[in-house]
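Take a look at the structure set out below.
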Amino acid sequence: MIDFKKIENICAIVLVVAFFLPWVSFGGMISFAGYQIPNALEGANQLLAIGSESGEVASNPEIYLVYLVPLLAVGVLATDYLKSDEKVAHYVAIAAGAFPLLGFLYVVIDNGIEGLAIGIYLTVVAAIVMLLATFGVIKRPE
C-alpha cells in the first residue's frame, strides 16, 4: 500500500495532477497543459514551415522529454508501493524532483516567465518540496 503521509508521495501526486493543468497560457484565451505541449509545438512548427521559403519543419525531439515528469512521479509512487530498495526509491525521487526543476530553469532562461500558467508553477513547487523531503530538510510530523 502507498503511504500517502510520505511527503515524496504527495509531491508525486501533485506532479501528475499538475501535468494536466495549464502550463502555458497566451492572453488567457489559449492555454496548453503539460501533455499538450509537444503537439502544440509541432503544430506551430508546421504553420511556420508553411510560411517559410524552404517549407521545412524544424524538429524538436527534446520537447518529448516533458513526458518524463509524470513518468518519474509515477515511479516514485511505484517504488513506494512495491517497497523497493531505499537507495532506488531515493534516486527515483531525486530524478522526479530535479528533472522538472531543471526543465523549468531551462525554459525560464531561454524564454522568460511570460505566458507560464498555474500547472508549471505547481510542478516547480512540488519538485522543490520533493527534493527537500528527499534530502531530509523537510520531515513529516510524527
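As the structure is a computational prediction, the values presented were derived from the model and not from experiment. Hydrogens, waters and symmetry mates play no part in the numbers below; they use all other heavy atoms, side chains included.
E8 CD to I13 CD1: the interatomic distance, rounded to the nearest 0.5 Å, is 12.0 Å. Here CD1 of I94 is found 12.0 Å from CG of L72. Values are rounded to the nearest 0.5 Å. Atoms CG and CD1, on L77 and I2 in that order, are 5.0 Å from each other to the nearest 0.5 Å.
Under the ring-ring contact (aromatic ring centres under 6.0 Å, His included) criterion, Y81 pairs with no residue, sequence neighbours left out. In this structure, the side-chain hydrogen bond (donor to acceptor under 3.5 Å, both in side chains) partners of D3, at least two apart in sequence or on a different chain, are R140. Evaluation of the side chain to side chain contact (heavy atoms under 4.5 Å, CB included) rule for L102 yields no partner, not counting sequence neighbours. For L132, the side chain to side chain contact (heavy atoms under 4.5 Å, CB included) criterion is met by I128, V137, I138, not counting sequence neighbours. With sequence neighbours excluded, the residues satisfying side chain to side chain contact (heavy atoms under 4.5 Å, CB included) with K87 are D85, Y91. Listed by chain and number, the residues in a side chain to side chain contact (heavy atoms under 4.5 Å, CB included) with V92 are V76, T79, V88 (sequence neighbours excluded).
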Intermediate values then yes/no, side-chain contact (heavy atoms from CB on, under 4.5 Å), L15 and V74: CA-CA 9 Å; L15 285 172; V74 168; over 6 Å; no
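Within 6.0 Å of the NZ atom in K139, the count of heavy atoms belonging to other residues, nucleotides or ligands does not exceed 12.
The list of salt bridge (Lys or Arg N to Asp or Glu O under 4.0 Å) pairs with a residue in residues 100-126, not counting sequence neighbours, is empty. Sorted by first and then second residue, the ring-ring contact (aromatic ring centres under 6.0 Å, His included) pairs with a member in residues 103-127 form an empty list; sequence neighbours excluded. Residue pairs meeting the salt bridge (Lys or Arg N to Asp or Glu O under 4.0 Å) criterion with at least one member in residues 64-81, sequence neighbours excluded, are K6-D80.
Hydrophobic cluster membership is shared by L131 and V125, with clusters built from Ile, Leu, Val, Met, Phe, Trp and Tyr side chains linked at under 4.5 angstrom. A continuous path of hydrophobic side-chain contacts links L41 to L116 [ILVMFWY only; heavy atoms under 4.5 Å]. Cluster membership for L68 and V16, using ILVMFWY side-chain heavy atoms within less than 4.5 angstrom, is shared. Both L101 and Y67 are part of a single hydrophobic cluster, where members link through side-chain heavy atoms under 4.5 Å apart. Cluster membership for V69 and L65, using ILVMFWY side-chain heavy atoms within less than 4.5 angstrom, is shared.
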Could you pull out all donor-acceptor pairs under 3.5 Å where a side-chain atom in residues 20-40 meets a protein atom, sequence neighbours excluded?
unit_1, atom_1, unit_2, atom_2, d
W23, NE1, A18, O, 2.9
Q36, OE1, A33, N, 2.8

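Nearest heavy atom pair, residue A96 against residue M130, reads CB-SD, 3.6 Å. Taking every heavy atom of both residues into account, V66 and P70 meet most closely at O-CD, 3.6 Å. In plain terms, the two heavy atoms of P100 and A95 that are nearest each other are CD-O, 4.2 Å.
Partner of V129 under the side chain to side chain contact (heavy atoms under 4.5 Å, CB included) criterion, chosen from I7, I10, T134: I7.
M1 belongs to no multi-residue hydrophobic cluster, having no ILVMFWY side-chain contact under 4.5 Å with any other such residue.
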